[in-house]
Amino acid sequence: MGFDEEWGRLRAAAAERAASGAAIPPALDTALPPVEPDPLEEARDTARERLADFRGRVVLVPLDEAGGLWTAQLGGLDWIYAFCDEEALARFAEARGEAEREWTYRRGVGARLLDEVVPALDFPCGVALNAAGPDGVVFPPVRGIVPDTVALDGEVAA
């Protein structure tokens with residue numbers, strides 16, 4: 001019996017079983033093993049979601065004594081500190097032991113920080129969101145986060 005004949009016979013048998021409501025033969029009723037989620041892909045998806053959320057979010061950026069955006073160096077890289085709300089900024093001030101001082105800040109959209117402010121600086125800089133909080137995250141100056149022209153692994157690195 002050729003392939004086409006065998007395939008036709010199997011299709012006809014399956015159609016009869018379906019029409020009669022018969023159970024699926026045991027050989028075809030075996031459950032597939034569960035697909036294990038890829039932890040690396042899950043982490044990438046989470047990072048993409050957090051970046052997308054940040055890009056569309058209005059954040060508070062503390063100002064330094066000169067009225068510029070407050071930055072700090074950590075791990076050999078400068079970071080602009082940004083906060084989702086006044087409570088997150090207050091947690092940061094408390095962690096620094098500076099809760100009593102007045103923290104002036106500007107509001108800005110996350111995408112503007114990454115796409116306009118970081119490229120305008122004359123030094124590599126990332127953004128640290130909600131530092132000193134349980135939901136803190138950093139957005140380093142790399143491709144996919146900032147424009148390639150200022151990314152440490154982009155055109156600047158080449």
Please determine whether residues Val109 and Leu89 belong to a single hydrophobic cluster, defined as Ile, Leu, Val, Met, Phe, Trp and Tyr linked transitively by side-chain heavy-atom distances below 4.5 Å. no

How about Leu63 and Leu69: do any of their side-chain heavy atoms sit closer than 4.5 Å? yes

What pair of heavy atoms forms the shortest contact from Ile145 to Arg55, and how long is it? O-NH1, 3.6 Å

Which residues pass the side chain to side chain contact (heavy atoms under 4.5 Å, CB included) test with Glu98, sequence neighbours left out? Arg96, Arg101, Trp103

Of Phe92, Trp79, Tyr105, which is the lone residue that meets ring pair (Phe, Tyr, Trp, His ring centres under 6.0 Å) with Trp70? Phe92

Can Arg106 and Leu60 be said to form a side chain to side chain contact (heavy atoms under 4.5 Å, CB included), step by step? CA-CA 6 Å; Arg106 294 186 69 179; Leu60 312 179; over 6 Å; no

May I ask whether Leu121 and Val142 are part of the same hydrophobic cluster, defined by side-chain heavy atoms of I, L, V, M, F, W, Y residues being less than 4.5 angstrom apart, directly or through others? yes

On a heavy-atom basis, the closest approach of Gly133 and Arg91 is CA-NE, 3.9 Å

Kindly indicate whether the side chain of Asp135, heavy atoms from C-beta on, has any atom under 4.5 Å from the side chain of Arg50. yes

Determine, step by step, whether Phe139 and Leu51 satisfy the side chain to side chain contact (heavy atoms under 4.5 Å, CB included) criterion, reporting the C-alpha distance in whole Å, the side-chain angles of both residues, the deciding distance to 0.1 Å, and the verdict. CA-CA 8 Å; Phe139 300 105; Leu51 177 60; 3.8 Å; yes

Trace of the side chain to side chain contact (heavy atoms under 4.5 Å, CB included) decision for Glu36 with Asp38: CA-CA 6 Å; Glu36 294 294 323; Asp38 179 6; over 6 Å; no

Determine whether Cys125 and Gln73 make a side-chain contact, defined as any pair of heavy atoms from C-beta on separated by less than 4.5 Å. no

Does some side-chain heavy atom of Pro62 sit less than 4.5 Å from a side-chain heavy atom of Thr104? no

Partner of Leu113 by side chain to side chain contact (heavy atoms under 4.5 Å, CB included), out of Val118, Val146, Val59: Val59

Under 6.0 Å from the CZ atom of Arg48, do we count more than 12 heavy atoms belonging to anything else shown? yes

With sequence neighbours excluded, residues passing side chain to side chain contact (heavy atoms under 4.5 Å, CB included) with Glu42: Pro37

Would the number of heavy atoms belonging to other residues, nucleotides or ligands and lying under 6.0 Å from CD of Glu41 be above 12? yes

Knowing that exactly one of Asp153, Leu152, Val150, Asp78 qualifies, which makes a side chain to side chain contact (heavy atoms under 4.5 Å, CB included) with Pro141? Leu152

For the student: nearest non-hydrogen atoms of Arg143 and Ala151, plus distance: N-CB, 3.4 Å

Looking at every heavy atom in both Cys84 and Asn130, which two are closest together, and how far apart are they? N-OD1, 2.9 Å

Under the criterion side chain to side chain contact (heavy atoms under 4.5 Å, CB included), I'd like the reasoning laid out for Val127 against Val138: C-alpha separation, chi angles, the key distance, then a yes or no. CA-CA 6 Å; Val127 176; Val138 294; over 6 Å; no

